[in-house]
Amino acid sequence: MTVNNKNTILVTGGTGYIGSHTVVALHERGYRVVIADNLSNSHRFMLDRIAEITGQAHPFYAIDLCDKKALKALFEQEQDIVASIHFAAFKAVGESVEKPLTYYRNNLVSLMNLLEVQQQFGVAKLVFSSSCTVYGEPDTLPVTEDSPIKPASSPYGNTKQMGEEIIADFTNVSGIKAIALRYFNPVGAHHSALIGEYPNSVPNNLVPFITQTAIGKQQELKIFGSDYQTPDGTCIRDYIHVVDVAAAHIAALDRLMNHTDVQAFEVYNIGTGTGYSVLEMVKAFEKVSGKTLPYRLTNRRQGDIEKVYADTSHSNKVLHWKAQKSLEEMMHSAWLWEQKLNSQTHTSK
Ligand code: UDP
């Protein structure tokens, strides 16, 4: 595919989990991609992996978005940027409770810097990573984009709510148009197993914990709560393949770039619309891997939502996007990625 420089997209957090898959998807769509990442929670070798998949290296800036001067220098260097996709943020719920100011400072200052600098450089389009965490424990299911926003249960969740509010207020007056994508639970990996989720320590999320248990890095999966008001007593989530999540960013970008009826700020649910329980996830993994997963039913985890899944009709209709991949594909790719990770060692950061 010929790449036109005028179609340059800045991807912040482009070496991270969803960012790296989106860089690949953008490249496949013919966009030129510039990556900015401070590598605080990701690895430099991801750049090589992305290059291996796409067949070329992508310009990379190892900058912290809280450093406005460095961000300005990037925009000065890369005059052809037409839009940004902003992934770069801290994302660990528990850590955010321990270090609230670190989370507020990092996630909000970086966003405000990006908005300000891209406006200065006339870059009028932004896609923002938001989260279904903004809905808290929903009153009715599935949740639509109009469902009430609930008080955040962690500083991390609050940075997503505040991030949306900052963008809404700024797009009112700045001429920038933005789309926030509220992800449900992204899981799985690229089919090449070259990129995927790379937890730096013991994973908090379910699927990496399952695959690490299966490979022997963790002893057993603790299932947090079996007395919820759900058919099998375990929590329900809307798990979505990360490749489908990446595709949603292309759809959002297409909308921002090619449609005239776009509001200054729009939000979309990015899920499959189907909820699975933790036990169903365990069974799906066992089926795909042929392994028996050691697990134990334990106490509830503080702050967990009982059940949440998306109404995706708005994103399906307006973004012309729909999640394609099955639960089996999610588990299969996650398992392949875990196995490949274990067959290699990485010393470089
Ligand atoms: N979960 C679990 N054991 C774990 C990790 C997660 O039982 O080791 C459960 C968790 O209680 C929730 C679901 O798996 O019901 C998804 O958790 P995750 O942290 O992946 O996503 P989130 O809670 O942010 O939706």
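The basis for the numbers below is simple: all heavy atoms, side chains too, and nothing from hydrogens, waters or symmetry mates. Note that ligands are numbered from 1 as they come in the structure, with each ligand's atoms numbered from 1 the same way.
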Report the nearest protein non-hydrogen atom to [atom]: residue, atom name, distance rounded to 0.1 Å.
atom: atom 9 (C) of ligand 1; value: Val278 CG2, 3.8 Å
atom: atom 5 (C) of ligand 1; value: Asn204 O, 3.4 Å
atom: atom 3 (N) of ligand 1; value: Lys222 O, 2.7 Å
atom: atom 21 (O) of ligand 1; value: Asn185 ND2, 3.1 Å
atom: atom 18 (P) of ligand 1; value: Asn205 ND2, 3.5 Å
atom: atom 20 (O) of ligand 1; value: Leu206 N, 2.9 Å
atom: atom 1 (N) of ligand 1; value: Phe224 CD1, 3.6 Å
atom: atom 15 (O) of ligand 1; value: Cys235 CB, 2.9 Å

Determine whether a donor-acceptor pair (N or O, by modelled atom type, separation under 3.5 Å) exists between the side chain of Tyr103 and the backbone of Ala92.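 It does hold such a pair.
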
Is the contact between [X] and ligand 1 made by the side chain, the backbone, both, or neither, using heavy atoms and a 4.0 Å cut-off?
X: Val308; value: neither
X: Asp304; value: side chain
X: Leu221; value: side chain
X: Tyr239; value: side chain

Check whether the side chains of [X] and [Y] place a donor and an acceptor atom closer than 3.5 Å, and report yes or no.
X: Tyr183; Y: Ser129; value: yes
X: Glu164; Y: Ser130; value: yes
X: Asn269; Y: Thr312; value: no
X: Tyr17; Y: Asn205; value: no

Can you list the residues that meet the side chain to side chain contact (heavy atoms under 4.5 Å, CB included) rule with Ala124, with sequence neighbours excluded? none

If the plane angle is over 60° it's perpendicular, under 30° parallel, otherwise tilted; pick one for His249 and Phe87. tilted

Quick test of your reading of the structure: of Lys91, Arg237, Glu220, whose heavy atom lies closest to atom 22 (P) of ligand 1? Arg237

Only heavy atoms count here, so choose which of Arg301, Arg300, Met281 is nearest to atom 17 (O) of ligand 1.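 It is Arg301 whose heavy atom sits nearest to atom 17 (O) of ligand 1.
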
Between Lys307 and Asp238, is there a side-chain N and carboxylate O pair less than 4.0 Å apart? no

Please determine if Arg44 and Asp37 form a salt bridge, counting it only when a charged side-chain N lies under 4.0 Å from a carboxylate O.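 Result for this pair is no, no salt bridge flagged.
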
Test your reading of the structure: does Phe209 have an N or O sitting under 3.5 Å from an N or O of ligand 1?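 There is no such contact.
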
